[in-house]
Amino acid sequence: MPKRSKAQSTATNFSTSASGYQLLADALLNKGTAFTDAERDAFELHGLLPPNIGTLEEQVSRRLQALRGLPTDLDRYAFLRDLQDINETLFFALLVQNIEELLPIVYTPTVGAGCEQFSRLFRKPRGLFLSLPHKKRIKQILAHPRFDPVEVIVVTDGERILGLGDQGAGGMGIPIGKLALYTGCGGLHPATTLPIILDVGTDNPECLADPLYVGWRHERVRGQEYDDFIEAFVKAVTKRWPHVLLQWEDFAKNNATRLLERYRDKLCTFNDDVQGTAAVATGTLLSAINVTGVPLTEQRIAIMGAGSAGCGIASLIRKAMIDAGLKPADADGRFFMVDRDGLLVDGMDGIASFQKPFLQPKSIADDWTCDHPDKVGLLDVVRNAKPTVLIGVSGQAGAFSEPVVRAMAENNKRPVIFPLSNPTSRAEATPQDIEDWTQGRAIIGTGSPFPPLTRDGAKFKVDQTNNSYIFPGVGLGVIAVDATRISDEMMMVAAKALAAASPTRTDPTANLLPPVTSLRDVAETVALAVALQAHKEGLTKRIQTDQIEGLVRAKIWSPRYLPYSRVAGP
């Protein structure tokens with residue numbers, strides 16, 4: 001356990017000067033009814049707790065029973081958020097032991113509703129709310145000793161929360177949820193994690209009109225004032241924690257890629273929407289090849305949603321194609337990016353810099369049969385370009401219509417179809433519809449969990465192609481070896497490590513991804529690959545290769561109660 005205010009620890013015991021209500025009110029220190037009789041003597045806890053002395057296992061059982069008795073997933077989300085604010089060890093023990101059941105509650109899809117209802121669910125501060133009017137106070141806020149142990153920050157400005165759009169200060173639910181998975185799946189100690197929202201206002205009229213809204217009630221600030229605020233934040237972070245891992249999360253298309261490019265060579269940072277999504281999509285596609293038999297160099301990729309996430313996916317798959325032997329010019333022509341204005345081609349207005357590498361020639365559709373030649377839609381692309389893979393990151397429910405999916409099935413023996421948009425309500429198609437429209441031949445991956453399908457009379461789990469397979473391991477590996485930067489190659493080896501763990505390597509009828517119950521094992525595998533690559537590129541502290549596995553494992557925290565002893569206060 002990392003050092004904490006007025007507290008010290010080793011691997012086997014913990015000492016602190018806190019006592020009584022102060023001890024019970026600290027979520028990182030609280031053990032609730034599991035404080036022993038001797039600890040109750042030492043820390044003046046008698047009378048503040050029921051007399052029965054419990055165990056962590058009993059507490060997990062009690063909380064799980066209460067959780068399952070709640071009527072809705074949003075109620076369960078609020079319950080878990082409260083538990084995390086009361087007793088973090090218990091919260092993470094419950095999460096780790098029931099990861100498959102609780103992952104959809106702690107993160108997608110329920111976290112989307114949690115963000116929408118954040119102002120009404122708000123009870124206790126967690127993380128930092130850095131608002132633009134307090135720009136000059138950022139250094140002072142970050143300086144508090146309680147933040148000394150911080151090793152990883154997840155930050156958002158709340159503008160593009162999942163597929164739900166601008167949630168303003170409610171976007172704080174995303175960093176909180178992501179960091180819960182950093183601990184639950186990656187094993188990072190909760191004291192080393194810090195969620196942050198950069199509150200620059202909101203353009204969501206419902207938030208601005210809501211008398212209970214907890215954020216800065218102001219239209220969203222943009223332009224130079226926005227950039228100056230981001231710059232002040234990054235400078236303050238790097239000065240406070242020179243070796244911190246900073247993860248950007250749910251920034252809008254116009255900011256996500258440009259901020260990543262601006263800062264990726266200045267500190268250890270990555271954007272999970274751009275790079276994490278790309279890595280999990282690439283890793284899952286590599287796994288799908290074990291089933292389809294179509295080599296990566298022969299794939300043609302249609303992507304619905306040409307924003308930062310879609311182009312990030314295209315960039316990493318393109319790199320994988322080149323690694324597999326395809327010439328760069330040939331790889332460029334394998335991608336068909338479709339956005340609200342149709343297929344992206346040369347000469348279109350409003351093309352962002354990160355979209356330019358994936359523009360098709362303007363003449364590509366001259367010989368195509370299209371419903372509307374002036375706007376080449378997704379169905380036109382599928383019918384004429386005959387992609388082998390269809391990926392959705394558009395946030396548009398139903399974008400993979402029945403004609404689109406049936407056309408994919410007509411052109412491919414085993415079409416690969418990944419509707420990745422979150423939450424569930426924004427998925428481009430449901431797995432059941434894809435299954436029905438392809439007569440059970442599609443290889444399916446989704447961003448959020450869906451009910452299992454029935455294949456050959458048996459239940460078959462739908463692969464959740466979610467970033468939780470990637471970012472916890474990336475963070476664990478980077479922090480374990482104190483990496484200074486996150487390179488494209490590090491994200492590529494993360495994708496390949498995930499593919500190497502695919503059950504389809506030995507059984508082409510199996511799932512593409514390991515079960516959610518093994519996410520901790522996956523994170524360790526990804527972490528080791530990322531750490532080794534960082535060392536290979538000279539991006540780590542001075543260590544020997546044979547030390548890396550031990551460094552990774554030493555960073556993995558498991559939720560359990562340590563014996564406490566009391567020390568005198570200052």
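R406 and E410 are not joined by a salt bridge, as no carboxylate oxygen comes within less than 4.0 angstrom of a charged side-chain nitrogen. Ionic pairing of R262 and D227 is present here: one or more N-O contacts between side-chain nitrogen and carboxylate oxygen are shorter than 4.0 angstrom. Between E159 and K253, no side-chain nitrogen of the basic residue sits less than 4.0 Å from a carboxylate oxygen of the acidic one, so the salt-bridge criterion is not met. Between E537 and R485, no side-chain nitrogen of the basic residue sits less than 4.0 Å from a carboxylate oxygen of the acidic one, so the salt-bridge criterion is not met. In this structure, D332 does not pair ionically with K327, as no charged nitrogen and carboxylate oxygen lie closer than 4.0 Å. Using a cutoff of 4.0 Å between basic side-chain nitrogens and carboxylate oxygens, R264 and D488 are scored as salt-bridged. Between E489 and K496 there is no salt bridge, since none of the side-chain N atoms of the basic residue sits less than 4.0 Å from a carboxylate O of the acidic one.
Expressed to the nearest 0.5 Å, how far CG of N467 lies from CG of D273 amounts to 7.0 Å. Atoms NE2 and OG1, from H535 and T545 in turn, are 4.5 Å apart once rounded to the nearest 0.5 Å. Here CD1 of I289 is found 13.5 Å from CZ of R414. Values are rounded to the nearest 0.5 Å. Between F233 atom CZ and Y263 atom OH the span is 10.0 Å, to the nearest 0.5 Å.
Inter-residue side-chain proximity for K555 and I479 is flagged as met; some heavy-atom pair is nearer than 4.5 Å. In this structure, the side chains of C311 and M337 come closer than 4.5 Å at one or more pairs of heavy atoms. Inter-residue side-chain proximity for M172 and P195 is flagged as met; some heavy-atom pair is nearer than 4.5 Å. By the 4.5 Å heavy-atom criterion applied to side chains, S487 and M490 are counted as neighbours. Using a 4.5 Å cut-off on side-chain heavy atoms (C-beta onward), L344 and Q360 make no contact. Within the 4.5 Å cutoff, the side chain of L103 has no heavy atoms near those of the T108 side chain. In this structure the side chain of V274 never reaches within 4.5 angstrom of the side chain of F354, judged on heavy atoms. Between I174 and C115 there is a side-chain heavy-atom pair separated by less than 4.5 Å.
Between the side chain of T454 and the backbone N or O of A458, no donor-acceptor pair lies under 3.5 Å. Listed for the S518 side chain is no donor-acceptor partner under 3.5 Å among the backbone atoms of D521. Judged purely by atom type and a 3.5 angstrom limit, D433 has no side-chain atom pairing as donor or acceptor with the backbone of A429. Not a single donor-acceptor pair under 3.5 Å links the side chain of Q432 to the backbone N or O of L453. Put simply, the side chain of R160 never gets that close to the backbone of D166: no donor and acceptor are under 3.5 Å apart. With hydrogens and angles ignored, the 3.5 Å screen pairs no side-chain donor or acceptor of T504 with any backbone N or O of L512.
Applying the salt bridge (Lys or Arg N to Asp or Glu O under 4.0 Å) test to every pair with at least one member in residues 360-382, sequence neighbours left out, gives these pairs: D371-R383.
There is no side-chain donor-acceptor pair under 3.5 Å between T446 and S448. A donor-acceptor pair shorter than 3.5 Å cannot be found between the side chains of Y182 and E151. Side-chain contact of D157 with Y226: a donor-acceptor pair under 3.5 Å is present, judged by distance alone. A donor atom on one side chain and an acceptor atom on the other are not found under 3.5 Å apart for T284 and D463. Remark: the W557 side chain and the T183 side chain contain no N/O donor-acceptor pair separated by less than 3.5 Å. No donor-acceptor contact under 3.5 angstrom links the side chains of S421 and Q396, judged on distance only.
The side chain to side chain contact (heavy atoms under 4.5 Å, CB included) test with K319 is passed by exactly one of I322, I317, D323: D323.
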